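Since this is a predicted model, take the numbers as computed values, not measurements. Residue numbers start from 1 in every chain, and the chains themselves are labelled A, B, ... in the order their sequence lines are given, proteins ahead of strands.
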Amino acid sequence: MLDINLFRENPDVVRKALRDRQMDPQIVSTVQVQDERRRQLILQVETLKAERNQVSKEISRIKDPAERQAKIEAMRLVGDRIAGLEKDLHQVEADLNQLLLTIPNLPDEQVPYGKDESENRVVRTVGEPSTLPFEARPHWELGVNLGILDFERGVKITGSRFYVLSGAGARLQRALIAWMLDLHIRQGYTEKYTPFMVKEQTLIAAGQLPKFYDNLYRDAEEDLWMVPTAEVPLTGLYMDEILEEADLPLAFTAYTPCFRREKMSAGRDVRGIKRGHQFDKVEMYVYCLPEDSADKHAKMLADAEETCALLGLTYRVVELCTGDLGFAMQRTYDLEVWSPGVQEWLEVSSISNAGDYQARRANIRYRPADGGRTRFVHTLNGSGLGLPRTLIAVLENYQQEDGSVVVPEVLRPWMGGVEVIQPVENRKEA
RNA sequence: GGAGGGAUGGCCGAGUGGACGAAGGCGGCUGUCUUGAAAACAGCUGUGGGUAUUACACCCACCGGGGGUUCGAAUCCCUCUCCCUCCGCCA
């Protein structure tokens, strides 16, 4: 949510942001009109209330019954007028709020302009896209041949885009999760285990609703929604709280499954495990002082890069242009790892600074140490790597000519010392 | 799922239609005293919004959320949420 004062004092800043995001700036004027109406109504309502309060106090002291009755009558009429105006006011405020919830964050000044993802900027590439001395197989061949990836049974029990990991495959994913969590803990993040279902308000706070309604799963009867990313419960953690400056920064890491309907991307990336309705992710999340968020963003990017580097994966850092920037974010870097089987750069992480945008929606503030007025915190989030894609990259980069897959060194402690994933002998186990 | 009891400021805890933004206590801050500290004493101690001659001014709202009754609601009524106790079910 943007500060309403921006629309009063600097509407052109908002218009430019919307244009840069390839959106219609018309809504800015609509907000201004509603805001003006709101303030007029507040002025009227409060003037009447002040009058009523004052006269009501007098009534309790008036002895003369006729005078008393006259004042009561007069105040009854004032009460009716207040009720009418308040009804209008509530409507205007609800409308205004709905409008503000649909307006995205302002891109940071340093974000390059671009109309869509084709204009994102590669900041740097670390490593060389690997060339294997034999023809690289895609993970869906590798995984099935090894007996660690079962598409047919996933489809059978749930449906299209679902799969089952088996044996060393399931264990490899679990190893990645455990290893990443431990790495992030070393990097200074505190582990959190959160609910995987949240209420609507929590999704609004994180900026997922109302915009991404179509991409979310929910219980049809209750106000319970499956999280599309750990960012949602982690943003909600401090909803409606006032932190002390001394408490900041707060840095968290959490593993959660993520559930996404992905209606809009039906038909894309149908092959393999790159895009599913359910996937696992380890997330990093930071609450900090406004003046620190750029530094924290750099640190989080470095932490995510370390994850790729320790896995021995070739990756590149991409800065998102204005047209591709996420709804709630002011600046975002994507991390993409090279995977020789699918022959593409896989987006495994998105590291974003939301500024105070989510904090406003979630109403998360802090009290400055000098005792001044409360301010909104800044929030940042970044995947410590999305699991299916990291799994793809590991399988495809570490494959050998005979179809086996070497387990990256760092993961072996979580793999019971297994160094190479070999084909499973017993077909039933697969 | 059934029955009952609760929800008040940073915390504890009073209030029962007007004098209540809310007693009292604790904690915190400031001052006096002190070489310093403690103690004692005194004062202060929430959030949001509106107005604006931007004056640490005035006004409005907030006692779990929403709605109602009333000239006036922390207080009465309805409803929702959450917590506690007991029963049932359950990994």
Report yes or no: does A/H139 contribute a side-chain atom to a donor-acceptor pair with the main-chain N or O of A/I273 at less than 3.5 Å? yes
Can any side-chain N or O of A/T322 pair as donor or acceptor with the backbone N or O of A/G114 at less than 3.5 Å? yes
C1'-based separation of B/G25 from B/G15 [nearest Å]: 15 Å
Near RNA chain B, which residues from residues 68-81 of chain A have a heavy atom under 4.0 Å away? A/R68, A/I72, A/M75, A/R76
Using the C1' atom as the point on both nucleotides, what is the distance between B/G13 and B/G65, in whole Å? 23 Å
P gap between B/U79 and B/G43, integer Å: 46 Å
A/T374 side chain: which of B/C71, B/G49, B/U47 is closest? B/U47
Measure the acute angle between the ring planes of A/F162 and A/H277, then classify it against the limits of 30° and 60° as parallel, tilted or perpendicular. tilted
Counterpart residues, side-chain hydrogen bond (donor to acceptor under 3.5 Å, both in side chains), relative to A/D334 (two or more places apart): A/S350
Nearest-angstrom distance, C1' atom, B/G9 to B/G50: 23 Å
Look only at the side chain of A/N105 and the backbone of A/A328, and say whether a donor-acceptor pair between them is shorter than 3.5 Å. yes
Where RNA chain B forms runs of at least three Watson-Crick or G-U pairs (i with j, i+1 with j-1, under 3.5 Å), the stems are B:1-7 with B:81-87, B:10-12 with B:24-26, B:27-32 with B:40-45, B:46-51 with B:57-62, B:64-68 with B:76-80
Looking at RNA chain B, which of residues 235-250 of chain A put a heavy atom within less than 4.0 Å of it? none
Main-chain N/O of A/A206 paired to A/Q358 side chain as donor or acceptor, under 3.5 Å: yes
Is the cationic atom of A/R261 (NZ for Lys, CZ for Arg) positioned less than 6.0 Å from the six-membered ring centroid of A/Y217 and within 45 degrees of its normal? yes
In whole Å, measure the gap between the P atoms of B/A37 and B/G31 for me. 11 Å
Return a single string for nucleotides 50-59 of chain B, one symbol per nucleotide in 5' to 3' order, where B is base contact, S is sugar-phosphate-only contact and - is none, cutoff 4.0 angstrom on heavy atoms. SS-------B
Does A/R52 have a side-chain nitrogen or oxygen under 4.0 Å from the phosphate oxygens OP1 or OP2 of B/C60? no
Find the distance A/I82:CD1 to B/G72:C1' and express it as a whole number of Å. 11 Å
Please list, pair by pair, any protein nitrogen or oxygen found under 3.5 Å from a nitrogen or oxygen in nucleotides 62-68 of chain B.
none

Counting N and O atoms only, with roles assigned by atom type, does the side chain of A/R331 sit under 3.5 Å from a partner on the main chain of A/V111, one being a donor and the other an acceptor? no
Length of the CZ-C1' vector between A/R375 and B/G48, whole Å: 18 Å
Spacing of A/L85 atom CG relative to B/C60 atom P, expressed in whole Å: 16 Å
In terms of the angle between their ring planes, are A/H297 and A/Y333 parallel, tilted or perpendicular, with boundaries placed at 30° and 60°? tilted
OP1 or OP2 of B/A19 versus the side-chain N and O atoms of A/R61: is any pair under 4.0 Å? no
Any donor-acceptor N/O pair, A/T158 side chain to A/V155 backbone, under 3.5 Å: no
